[in-house]
Amino acid sequence: EREFPMMRNFAAGEGLWYVTATDFNEKIEVFSVNETGEAKFLPISFTPESLGAYTVDDARIDVAPDGSLAFIVTSKGSVAQGPYIQRVYRADTDGTNLKEIARLDSGRVAGMVDIAVSPDNNVFVLTMQGDKPNVGGSDSIYKIDTNNRITEAIHICVGRDPESIDVDSGGNIWFGSTLGIFKATIR
């Protein structure tokens, strides 16, 4: 029996719920919960050492149509001067074959991130951008295609403060912000 760290984000897969958990300091872990409530830790964890960081921060997860897992993991590079480390990973359904697919680090010290996988298996990530600590800036939603090519899909102007994203069955990106909910059609 072990104590579970603070649960932060959930995603549904084929008969499983996937959960990210963090202590906001030393470790981010991932576990699954089946339909009978049995929890199983996946062979995935992130530490300050594995991320080259001062402390770990948070993680978001989504399940792709093919059952694979996608994560955006954040950590802090220093006590209060940045950088805000933002790494994107993919793994198999059981947590094996973890691969880093993008580094989207920022000069900021913190922010809201999120991840969503589209019906065609492309990964979209909400990232905090800007190169100055403690100063807001524009934010971006990046597309990482199945060949791990990174392109900016949506540039969000200062003052919109995005918090979450999702991709619908038609491939449209939805994001919530302090000014409401927006839908973007990517061509």
Open item on the list: Could you report the tightest heavy-atom contact between V117 and D62, atom names first, then the distance?
Closed with: N-OD2, 2.8 Å
Open item on the list: Just by distance, no angles: are the side chains of N147 and D145 close enough, under 3.5 Å, to form a donor-acceptor pair?
Closed with: no
Open item on the list: Are M112 and P162 packed together at the side-chain level, in the sense that at least one heavy-atom pair is separated by less than 4.5 angstrom?
Closed with: no
Task: Carboxylate-amine/guanidinium contact K27 D23, below 4.0 Å - done: no
- [ ] Would you check, one step at a time, whether the test side-chain contact (heavy atoms from CB on, under 4.5 Å) holds for L51 with R87?
- [x] CA-CA 8 Å; L51 296 165; R87 305 289 163 81; 4.2 Å; yes
TODO: For F31 and A21, work out which heavy atoms get closest and say how close.
DONE: CE2-CB, 4.2 Å
TODO: Provide the closest heavy-atom pair for N121 versus R90 in the form atom of the first, atom of the second, distance.
DONE: O-NH1, 3.0 Å
Open item on the list: Less than 4.5 Å apart, side chain to side chain, heavy atoms only: is that true for D57 and F24?
Closed with: yes
TODO: Answer with yes or no whether the hydrophobic clustering places L98 together with F41; edges join I, L, V, M, F, W, Y residues whose side-chain heavy atoms lie under 4.5 Å apart.
DONE: no
Task: Sub-6.0 Å ring centroid separation between Y89 and F46 - done: yes
Task: D92 side chain vs D94 backbone, donor-acceptor pair below 3.5 Å - done: no
Task: Over all atoms of both residues, closest heavy-atom pair of L126 and S164 - done: CD2-N, 3.9 Å
Open item on the list: If hydrophobic clusters are built from ILVMFWY residues whose side chains come within less than 4.5 Å, do Y142 and I165 share one?
Closed with: yes
Open item on the list: Between V123 and I156, is there shared hydrophobic-cluster membership here, with clusters defined by ILVMFWY side-chain heavy atoms closer than 4.5 Å?
Closed with: yes
Task: Sub-4.5 Å side-chain heavy-atom contact between L42 and L69 - done: yes
Task: Between CG on residue D161 and CE on residue M128, distance to nearest 0.5 Å - done: 8.5 Å
TODO: Determine whether F182 and V167 fall in the same hydrophobic cluster, where Ile, Leu, Val, Met, Phe, Trp and Tyr are linked whenever their side-chain heavy atoms lie under 4.5 Å apart.
DONE: yes
Open item on the list: Taking F175 as the starting point, is it possible to reach I144 by hopping between hydrophobic residues whose side chains are less than 4.5 Å apart?
Closed with: yes
Open item on the list: I need the S140 OG to H155 NE2 distance, nearest 0.5 Å.
Closed with: 6.0 Å
- [ ] Indicate yes or no for a side-chain donor-acceptor contact from D166 to the backbone of W174 under 3.5 Å, with no hydrogens or angles considered.
- [x] no
Open item on the list: Let's go through N122 and T146 carefully: what are the C-alpha distance in whole Å and the side-chain angles of both, what is the deciding distance for side-chain contact (heavy atoms from CB on, under 4.5 Å) to 0.1 Å, and is it a yes or a no?
Closed with: CA-CA 6 Å; N122 292 314; T146 54; 4.0 Å; yes
- [ ] Could you pull out the closest heavy-atom pair between E29 and S45, with the gap in Å?
- [x] CG-CB, 4.4 Å
Task: Under-4.0 Å salt bridge between K183 and D168 - done: no
Open item on the list: For L104 and I150: C-alpha separation, side-chain torsions, deciding distance, then whether side-chain contact (heavy atoms from CB on, under 4.5 Å) applies.
Closed with: CA-CA 10 Å; L104 300 165; I150 303 166; 4.2 Å; yes
Task: Main-chain N/O of G171 paired with S118 side-chain donor or acceptor, under 3.5 Å - done: no
TODO: Count the heavy atoms of every other residue, nucleotide or ligand shown that sit under 6.0 Å from CG of L179, and state whether that count exceeds 12.
DONE: yes
Task: Separation of E26 CD from T55 OG1 (nearest 0.5 Å) - done: 10.0 Å
Open item on the list: Could you check whether R108 pairs with D139 (Lys NZ or Arg NE/NH1/NH2 to Asp/Glu carboxylate O, under 4.0 Å)?
Closed with: yes
Open item on the list: Donor-acceptor check, side chain of T93 to backbone of G67, threshold 3.5 angstrom: yes or no?
Closed with: yes
Open item on the list: How close do A153 and I173 get, counting heavy atoms only, and between which atoms?
Closed with: CB-CD1, 4.4 Å
TODO: Supply the atom-to-atom distance I28 CD1 to T74 OG1, rounded to the nearest 0.5 angstrom.
DONE: 6.0 Å
Open item on the list: Just so I know, are the side chains of Q86 and R103 near enough to count as touching, which here means a heavy-atom distance under 4.5 Å?
Closed with: no
Task: Atom pair OH/NZ of Y18 and K40 - distance to nearest 0.5 Å - done: 9.0 Å
TODO: Could you give me the CA-CA distance, side-chain angles and deciding distance for Y84 and V109, then say whether side-chain contact (heavy atoms from CB on, under 4.5 Å) is met?
DONE: CA-CA 5 Å; Y84 193 49; V109 296; over 6 Å; no
Open item on the list: Is there a side-chain contact between N34 and W17 in this structure, where contact means two heavy atoms from C-beta onward sitting under 4.5 Å apart?
Closed with: no
Task: Interatomic spacing from OG1 in T22 to CG in N9 - rounded to 0.5 Å - done: 12.0 Å
Task: side-chain contact (heavy atoms from CB on, under 4.5 Å) partner of I72, the single match among D58, I115, T20 - done: I115
Task: side-chain hydrogen bond (donor to acceptor under 3.5 Å, both in side chains) between T185 and N172, intermediate numbers included - done: CA-CA 5 Å; T185 302; N172 301 302; 3.2 Å; yes
Open item on the list: Surrounding OH of Y54 (heavy atoms of other residues, nucleotides or ligands, distance under 6.0 Å), is the total greater than 12?
Closed with: no
